[in-house]
Asker: 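Handing you this structure, nothing more for now.
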Amino acid sequence: MNPKFDAYIAKAAPFAQPILIHLRQVVHRGCPEVAEVIKWGFPNFEYNGILCSMAGFKQHCSLGFWKGSIMSDPKGVMTKTGKTAMGHFDRITSVSDLPSDKVLLSYIKEAMKLNDEEVKLPQRSKSKVEKVLKVSPYFLKELKKNKAAFKNFEGFSYSNKKEYVEWVDEAKTDPTRETRIKTAIEWMAKGKIRNWKYVRK
């Protein structure tokens with residue numbers, strides 16, 4: 001038992017205290033070896049890694065399993081986190097909103113098994129959508145006249161290209177735009193990014 005859990009529960013709203021106390025008791029009943037730690041400002045239960053966590057808010061409480069997204073949920077009572085509240089059991093406003101202790105204990109056992117077997121959460125797939133930068137025709141026309149500058153521009157990262165494009169597009173007058181295009185091409189021909197002056201050597 002972690003004294004910081006006691007302090008957290010004591011500071012919680014009156015309606016939340018019996019919920020948090022009950023959740024704490026059930027987790028310890030399901031996993032006597034569990035350790036209590038405060039992470040990200042709220043109580044977490046650890047057993048060979050994070051097992052689950054609970055939190056009390058102004059008008060509701062939450063219970064979430066670290067590997068809830070890959071748990072079997074045979075009773076069909078878990079919700080996706082981030083949909084209606086933080087946690088896998090929606091907005092908990094009283095102990096009666098929770099599944100039975102028997103159901104909760106079965107989820108705790110499954111979470112323990114996943115940690116015992118060192119099952120990893122699937123990595124988030126990176127977006128395959130390629131960023132397309134719109135370059136003004138007048139800038140592109142002048143840029144293509146200088147082979148070295150154009151080649152370096154094409155090799156720059158998206159953000160480095162964007163800095164040059166925005167710098168030119170933000171010019172309020174034609175003379176300013178022309179000066180910036182000329183300077184940009186000179187710099188790019190030398191392989192310099194827009195803010196090369198500020199790059200630490």
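Side-chain atoms are counted along with the backbone in the values below, which use heavy atoms only and exclude waters and symmetry mates.
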Asker: Measure from the side-chain N and O atoms of S157 to the backbone N and O of N160, and report whether any donor-acceptor pair falls under 3.5 Å.
Answerer: yes
Asker: Under the rule for salt bridge (Lys or Arg N to Asp or Glu O under 4.0 Å), what residues qualify as partners of E36, not counting sequence neighbours?
Answerer: R24
Asker: For the CG atom of L20 and the CG atom of D6, what is their distance to the nearest 0.5 Å?
Answerer: 11.5 Å
Asker: Report yes if the side chains of P99 and F89 come closer than 4.5 Å at any heavy-atom pair, otherwise no.
Answerer: yes
Asker: Could you tell me which non-hydrogen atom of I50 sits nearest to which non-hydrogen atom of W40, and how far apart they are?
Answerer: CD1-CH2, 3.5 Å
Asker: Check whether any side-chain heavy atom of S72 sits under 4.5 Å from a side-chain heavy atom of E110, and report yes or no.
Answerer: yes
Asker: Distance-only, no hydrogens or angles: does the N146 side chain make a donor-acceptor pair with backbone N or O of I185 under 3.5 Å?
Answerer: no
Asker: Is there side-chain contact between M71 and D73, with heavy atoms separated by less than 4.5 Å?
Answerer: no
Asker: I need the I92 CD1 to H60 NE2 distance, nearest 0.5 Å.
Answerer: 8.5 Å
Asker: Any side-chain heavy atom of N48 sitting closer than 4.5 Å to one from D116?
Answerer: yes
Asker: Find out whether F15 and S94 are in side-chain contact, i.e. whether some heavy atom of one side chain is under 4.5 Å from a heavy atom of the other.
Answerer: no
Asker: Can you tell me how far apart OG (S136) and CD1 (I181) are? Round to the nearest 0.5 Å.
Answerer: 8.0 Å
Asker: Taking the six-membered ring for Trp and the single ring otherwise, decide whether the centroids of F5 and F45 are under 6.0 Å apart.
Answerer: yes
Asker: Whether the side chain of N44 engages the backbone of S53 through a donor-acceptor N/O pair (distance < 3.5 Å, no angle test) should be reported.
Answerer: no
Asker: Between L51 and E46, does the side-chain contact (heavy atoms from CB on, under 4.5 Å) criterion hold? Intermediate values first, please.
Answerer: CA-CA 5 Å; L51 192 72; E46 290 190 344; over 6 Å; no
Asker: Would you find a donor on one side and an acceptor on the other, under 3.5 Å apart, between the side chain of T176 and the backbone of K172?
Answerer: no
Asker: Given the rule in the side-chain contact (heavy atoms from CB on, under 4.5 Å) test, do N195 and E163 qualify, once you have shown the distances and angles that lead to the verdict?
Answerer: CA-CA 8 Å; N195 295 307; E163 287 175 353; 3.5 Å; yes
Asker: To the nearest 0.5 angstrom, please state how far the CD1 atom of I9 sits from the CD1 atom of I19.
Answerer: 11.5 Å
Asker: Would you say that more than 12 heavy atoms from the other residues, nucleotides or ligands in this model lie under 6.0 Å from the CD of E186, or not?
Answerer: yes
Asker: Would you call the rings of W167 and W187 parallel, tilted or perpendicular, taking 30° and 60° as the class edges?
Answerer: parallel
Asker: Evaluate side-chain contact (heavy atoms from CB on, under 4.5 Å) for F65 paired with I108, printing each intermediate quantity in order.
Answerer: CA-CA 8 Å; F65 285 93; I108 292 166; 4.1 Å; yes
Asker: Taking the side chain as every heavy atom from C-beta outward, state whether E170 and R180 have any pair of such atoms under 4.5 Å apart.
Answerer: yes
Asker: Testing the basics here: between G41 and Y8, what is the closest heavy-atom pair and its distance to 0.1 Å?
Answerer: O-CE1, 3.4 Å
Asker: Heavy atoms, side chains only, cut-off 4.5 Å: are R177 and V168 in contact?
Answerer: yes
Asker: Tell me if a side-chain donor or acceptor on E33 pairs with a main-chain N or O of Y47 at a distance below 3.5 Å.
Answerer: no
Asker: Does V119 offer a backbone N or O that forms a donor-acceptor pair with the side chain of K67 under 3.5 Å?
Answerer: yes
Asker: Within the 4.5 Å heavy-atom criterion, are M1 and H28 side-chain neighbours or not?
Answerer: yes
Asker: Determine the interplanar angle of the F156 and Y164 rings, folded into 0 to 90°, and report it as parallel if under 30°, tilted if 30 to 60°, perpendicular if over 60°.
Answerer: parallel
Asker: Please assess R29 against D101 for the test side-chain contact (heavy atoms from CB on, under 4.5 Å), listing each intermediate value before the final yes or no.
Answerer: CA-CA 10 Å; R29 196 153 40 116; D101 287 2; 2.8 Å; yes
Asker: For residues 147-155, which side-chain N or O atoms pair as donor and acceptor with protein atoms under 3.5 Å away, sequence neighbours left out?
Answerer:
unit_1, atom_1, unit_2, atom_2, d
N152, ND2, A148, O, 3.2
N152, ND2, M188, O, 2.6

